[in-house]
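Beneath this line is the structure, given in structure tokens, with notes to follow.
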2 protein chains.
Amino acid sequence: MTNTTLKLLAQQLQLSISTVSRALKDHPDIAASTKAKVHALAQSMDYEPNAYAIQLRTQNSRILGVIVPAISNLFYDSFISAVEEESRKHNYALMIMQSSNQPENELNNLKIFRQNRVSGVFACLSSHPQNLEVYHKMNEREIPIVFFDIVPKDNRFTKVRMADERCATIAAEKVIQRNGKKVLAIFGDPGLSISQKRKNAFQTFMESYAPKIHVTYANASSSLEAGELIHKQYSKTQKFDTVFCMTDEILIGVMKAIQALNIKIPNEVGVITISNGFIPNLYYPKICYVETSGYELGKLAFVQMMANIKGGKTQTELTVDAKFVEGGSL
Amino acid sequence: MTNTTLKLLAQQLQLSISTVSRALKDHPDIAASTKAKVHALAQSMDYEPNAYAIQLRTQNSRILGVIVPAISNLFYDSFISAVEEESRKHNYALMIMQSSNQPENELNNLKIFRQNRVSGVFACLSSHPQNLEVYHKMNEREIPIVFFDIVPKDNRFTKVRMADERCATIAAEKVIQRNGKKVLAIFGDPGLSISQKRKNAFQTFMESYAPKIHVTYANASSSLEAGELIHKQYSKTQKFDTVFCMTDEILIGVMKAIQALNIKIPNEVGVITISNGFIPNLYYPKICYVETSGYELGKLAFVQMMANIKGGKTQTELTVDAKFVEGGSL
DNA sequence: CAAATTATATCAAACGTTTGCGAAACTATT
DNA sequence: AATAGTTTCGCAAACGTTTGATATAATTTG
């Protein structure tokens, strides 16, 4: 069975295609009686406008592209969720692709986006350093780009991200408020700029506001490593009384080790992390965290995208602020 | 800056549009020298074929639609992840929409898919009962549909799902093997067919293979409820020694309560669940689980989709088998 | 009642491709 | 040198819309 088209409707009704087209969109030129007939037939024949023809003609796809490192990720999927909600409201459809942190995939995805003439793309850089030429070319072609989370330094782009430094600073503040004396602070892959930012912020705050507190800095790019770290550090004579985790992944490793060692939270050690909240709420007591909401970021990104699409350029970097969420772990 | 088109290339090269088109796709009619020139110019002018024009002309969108209840979900996002991987390999793009379990959203998403003339759709029914007319109509229009996870009874459709009954049976088997005597079995929303299936399978197995074992059946549609259940049941004189959780959500509630009550796993109680593995691995000891892999399901769904697109109808219901994954909790 | 206005509907071009068919321009064959 | 066969390319229609310009009929106006 072939799809219903304007032409088909027109033939059935002995009208011209343009009349049918206008009737369906309530154009004032068309008589009410005609409109009624057209609508009725369209309904009964299950007419659905061909998006491709429309897009070809109008040069407006109403499709937005999203590139994330991975869909299967607590942070990014809440980002996507938010963007999808907004898109629906604004009558845009979404095309989602994952880069798996491979620049090669990222490029390929962008190509698909361009070939589909997306109206804009939300991009999260894959972690490895790369050149931004593609993005510049897309800018030249006037395809709006909103970078999120992992954003380039280049300030010719529109960017939204979490207030990474603030997160770490807030966490440090809380640690001090709760009387942490010997802190183990675990950060992620030191190659990532986000790790550097958070570590610097944490360190800066600690050094200036609480110079007498003893802080051990460590890296762990996986839960496994984070767990081992706890095991190792906890057997030392100089034990920590507080542990700060930079990410959910680290927290997971830490918590496993803490459960294995049967350490009591918060009596024996306090725990604080940066997270969107899902993982911290899996434990008893709930882990205290500084919230970084992918959802909020998504909403913000969408606003920026709309501004970009409508009003031309908005080359700014916006951050969504962090806030502390109380738990029972500190 | 306007996009490069075949016409533009043709003008520059003093060739016809059709020649340029054929040159770019290595058509044997075109001289090698011409091809070289065309390719060179296309390259330097960043020519990207317009997907809409192609799709309009060829009537083949190479886009697949996916409807999930929620993207932000451990199970579905691994499903999506798998489908996306395969799609990329087969040169399809993905359009992902979430229904939020609202039939209304589901219908709206389907409309968008139809208007975009998707080559096929992966659909997971929103939980509330609804009529399948839309899907039948799409079938008539020869849009392949592969239902996954929550599938309709109607066997005119292609379906893939987890072996729900098997999961529960395997879990029951293991509980008996590990000498559970007093089992607390917690199932999800009793309105959902998946809950019924799993409960029936569990119950049937228990009654026939281990009639002397005492099983308490309970429902909990949220982690919270599950947690309360544990608190209530554990204060009784007749305590349980094993708890079976039907889903991750239930497990989360259960584990929180267990941690709060400071119950030792597996010494005081054994725990087993049905899961894709992420949550069970968050704890120490790791929770034993019967694996339901969204990833595997995605792979299977894609195979079915390809079969459907190429070879016409494949009206079968396939299931991906469950397997037990060892942990330290039983 | 002729002229001007309004209401309604049609024409035709354009968006960027793909593709069957035909047209030159060569080359090879007798 | 005429014919047949190849190689290389162009013409033009079609995919399903949208939209400015235009045409026709109906209505109003002075």
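Just so we're on the same page: letters track the sequence lines, and every chain starts at 1. Everything quoted here is computed from the prediction, not taken from an experiment. Because only heavy atoms are used, hydrogens play no part in the values below, and waters and symmetry mates are left out as well, while side chains stay in.
For the salt bridge (Lys or Arg N to Asp or Glu O under 4.0 Å) condition, the pairs that include at least one residue of residues 62-85 of chain B, sequence neighbours left out, are B:Glu84-B:Arg88, B:Glu85-B:Lys299. Annotation: salt bridge (Lys or Arg N to Asp or Glu O under 4.0 Å) contacts involving residues 14-30 of chain B, sequence neighbours excluded, comprise B:Asp26-B:Lys35.
Taking the six-membered ring where the residue is Trp, the centroids of A:Phe79 and A:Tyr295 are separated by 6.0 Å or more.
Within 6.0 Å of CD in B:Glu104 there are 12 or fewer heavy atoms belonging to other residues, nucleotides or ligands. Surrounding CD of A:Glu317 are more than 12 heavy atoms belonging to other residues, nucleotides or ligands, all under 6.0 Å away.
Comment: A:Glu86 engages A:Lys89 in a salt bridge, judged by a side-chain N to carboxylate O separation of less than 4.0 angstrom.
Across residues 33-41 of chain A, not one residue has a non-hydrogen atom less than 4.0 Å from an atom of DNA chain D. Residues from residues 107-117 of chain B with heavy atoms under 4.0 angstrom of DNA chain C: there are none. A heavy atom lying under 4.0 Å from DNA chain C marks the following residues of residues 16-24 of chain B, by number: B:Ile17, B:Ser18, B:Ser21, B:Arg22.
Here the P atom of nucleotide D:dA12 and the CZ atom of B:Arg57 are 16 Å apart, to the nearest Å. Put simply, NE2 on B:His27 is 14 Å from P on D:dG10, counting in whole angstrom units.
The ring pair (Phe, Tyr, Trp, His ring centres under 6.0 Å) search around B:Phe147 returns B:Tyr135, B:Phe157, not counting sequence neighbours. In this structure, the side chain to side chain donor-acceptor pair (under 3.5 Å) partners of A:Ser16, at least two apart in sequence or on a different chain, are A:Ser18, A:Thr19. Residues passing the side chain to side chain donor-acceptor pair (under 3.5 Å) test with B:Tyr76 are B:Asp149, sequence neighbours excluded. For B:His27, there are no ring pair (Phe, Tyr, Trp, His ring centres under 6.0 Å) partners two or more places apart in sequence or in a different chain. A:Phe302 meets the ring pair (Phe, Tyr, Trp, His ring centres under 6.0 Å) test with A:His90; sequence neighbours excluded.
Of the possible donor and acceptor atoms, none in the side chain of B:Lys159 sits under 3.5 Å from a partner among the backbone N and O of B:Ile150.
Within 4.0 Å (heavy atoms only), B:Asp29 reaches at least one base atom of the nucleic acid.
If you walk DNA chain C from 5' to 3' and mark each nucleotide with an atom closer than 4.0 Å to a heavy atom of chain B, the marks span C:dC15 to C:dC21.
Nearest-nucleotide assignment on DNA chain D puts the 5′-proximal partner with B:Gln14, out of B:Gln14 and B:Leu56. When each of A:Lys25 and A:Lys7 is assigned the nucleotide of DNA chain D bearing its nearest heavy atom, the one mapping closer to the 5' terminus is A:Lys7.
Considering only heavy atoms from C-beta on, B:Ser119 comes within 4.5 Å of B:Asn60 through its side chain. A 4.5 Å side-chain heavy-atom check between B:Met305 and B:Pro144 finds at least one atom pair inside the cut-off.
End-to-end axis angle of the helix from C:dC1-D:dG30 to C:dT30-D:dA1, using five pairs per end and rounding to 10°, comes to 60°.
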TODO: Check step by step if side-chain contact (heavy atoms from CB on, under 4.5 Å) holds for B:Arg117 and A:Asn50.
DONE: CA-CA 7 Å; B:Arg117 302 294 191 267; A:Asn50 184 317; 3.7 Å; yes
